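Structure first, commentary second.
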Amino acid sequence: MKECKKCPLYKLAKNPVPGGGDINCQIMFIGEGPGEKEDELGQPFVGKAGKMLDEMLESIDLKRDQVYIANVVKHRPPGNRDPKPEEVQACWPYLQKQIEIIKPKLIVCLGRHSLGRFLPSVGSISVVHGRCFVKKNQAYMALYHPAVALYNGSMRKTLFEDFKKIKIALCKIEEKNKT
Ligand code: URA
């Protein structure tokens, strides 16, 4: 990943942002792509949206070192534009490998780009946020991207409410695995 030149994003990026956290975790959070701060530091979700994510994790008694956080693209799209489908496609094998290694019980898709990559046919995030899906034996949850909560109070409330469903979903997955 560090030397990846499979798409042009590396040309303007300062650092790759592969992801970070506990590789033995149960929950993997997958966002869109690094922003300015992430690009500078080589770490995922360390800017304003990252602070919001930390707050939301804390609200369900989780710390970022207990989960794994990654993105669908590992280099910053210039000016924080949306990643292009061919960039997401080029980066996809890295994310697949990360999932294969971590084997999370639950993948939380943060925002429409992440959701669209994993579950392209479930519908719009505005309709399916807070819901859990199972595809090929892998559980997913659709959540709004934490950045939407930065400037919108009602979205913030919705996100906090949806976050509570993560723990419920995990308990259900564990119960199911026991039977
Ligand atoms: N937004 C994302 O989707 N990912 C990051 O790492 C930071 C902001």
Side-chain angles (χ1 to χ4, degrees), residues 1-2 4 6-23 25 27-60 62-99 101-102 104 106-120 122 124-126 128-130 140-152 155-156 158-160 162-163 166:
M1 251 183 259
K2 290 194 170 156
C4 185
K6 289 202 281 180
C7 84
L9 288 182
Y10 76 93
K11 289 185 191 165
L12 292 173
K14 291 185 189 150
N15 286 298
V17 184
D22 179 7
I23 59 161
C25 65
I27 315 172
M28 206 169 159
F29 288 82
I30 303 182
E32 180 180 321
E36 191 178 4
K37 194 94 184 164
E38 290 77 20
D39 183 43
E40 240 165 60
L41 302 176
Q43 296 288 331
F45 281 94
V46 285
K48 281 185 190 159
K51 287 217 172 66
M52 184 60 71
L53 179 59
D54 285 341
E55 225 184 285
M56 284 167 180
L57 286 171
E58 211 170 299
S59 75
I60 54 167
L62 279 176
K63 294 211 162 30
R64 69 160 60 208
D65 61 7
Q66 294 175 292
V67 300
Y68 194 89
I69 305 172
N71 282 304
V72 287
V73 294
K74 313 300 190 198
H75 282 108
R76 182 190 183 201
N80 295 351
R81 66 157 169 75
D82 288 349
K84 295 179 183 170
E86 60 272 26
E87 294 160 352
V88 173
Q89 184 57 37
C91 229
W92 181 235
Y94 297 126
L95 192 50
Q96 276 184 311
K97 193 74 198 168
Q98 288 175 302
I99 295 167
I101 294 167
I102 294 168
L106 178 67
I107 292 177
V108 180
C109 300
L110 297 171
R112 65 191 167 93
H113 291 281
S114 176
L115 182 67
R117 181 67 241 192
F118 289 100
L119 303 166
V122 292
S124 159
I125 190 123
S126 59
V128 300
H129 68 90
Y140 298 87
M141 182 170 269
L143 252 62
Y144 280 118
H145 193 284
V148 303
L150 285 174
Y151 310 104
N152 184 324
M155 280 293 196
R156 185 184 153 92
T158 304
L159 249 168
F160 273 100
D162 284 351
F163 251 71
I166 294 176

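Remember, it's a predicted structure, so these values are computed and weren't measured experimentally. Start at 1 and go down the list; that is how both ligands and their atoms are numbered.
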Phe45 to ligand 1: N or O pair under 3.5 Å? yes
Among all the protein's non-hydrogen atoms, which is closest to atom 1 (N) of ligand 1, and how far away is it? His145 NE2, 3.2 Å
Atoms of ligand 1 under 4.0 Å from any heavy atom of Gly31, numbered from 1 in the order shown, are 3 (O)
What residue pairs, at least two apart or across chains, pass side-chain hydrogen bond (donor to acceptor under 3.5 Å, both in side chains) with a residue in residues 38-56? Asp54-Arg64, Glu55-Arg156
Interatomic distance, Cys7 atom SG to Lys84 atom NZ [nearest 0.5 angstrom]: 9.5 Å
Heavy-atom proximity to atom 2 (C) of ligand 1, best of Gly111, Gly33, Gly47: Gly33
Show the atoms of ligand 1 that are less than 4.0 angstrom away from any heavy atom in Pro44. 6 (O)
Trace of the side chain to side chain contact (heavy atoms under 4.5 Å, CB included) decision for Ile99 with Met28: CA-CA 8 Å; Ile99 295 167; Met28 206 169 159; 3.9 Å; yes
Are the side chains of Cys91 and Asn71 in touch, meaning some heavy atoms are under 4.5 Å apart? no
What is the closest protein heavy atom to atom 4 (N) of ligand 1, and at what distance does it sit? Asn71 OD1, 2.8 Å
Please determine if Glu38 has a nitrogen or oxygen closer than 3.5 Å to a nitrogen or oxygen of ligand 1. no
Between His145 and Phe45 (judged by ring centroids, cut-off 6.0 Å), do the two rings come close enough to count as a pair? yes
Take a 6.0 Å sphere around CG of Leu150 and say whether it holds more than 12 heavy atoms from other residues, nucleotides or ligands. yes
Between Pro34 and ligand 1, is there a nitrogen or oxygen pair with a distance under 3.5 Å? no
Between the side chains of Lys74 and Gln98, does any donor sit under 3.5 Å from an acceptor? yes
Atoms of ligand 1 less than 4.0 Å from Glu32 heavy atoms? 2 (C), 3 (O)
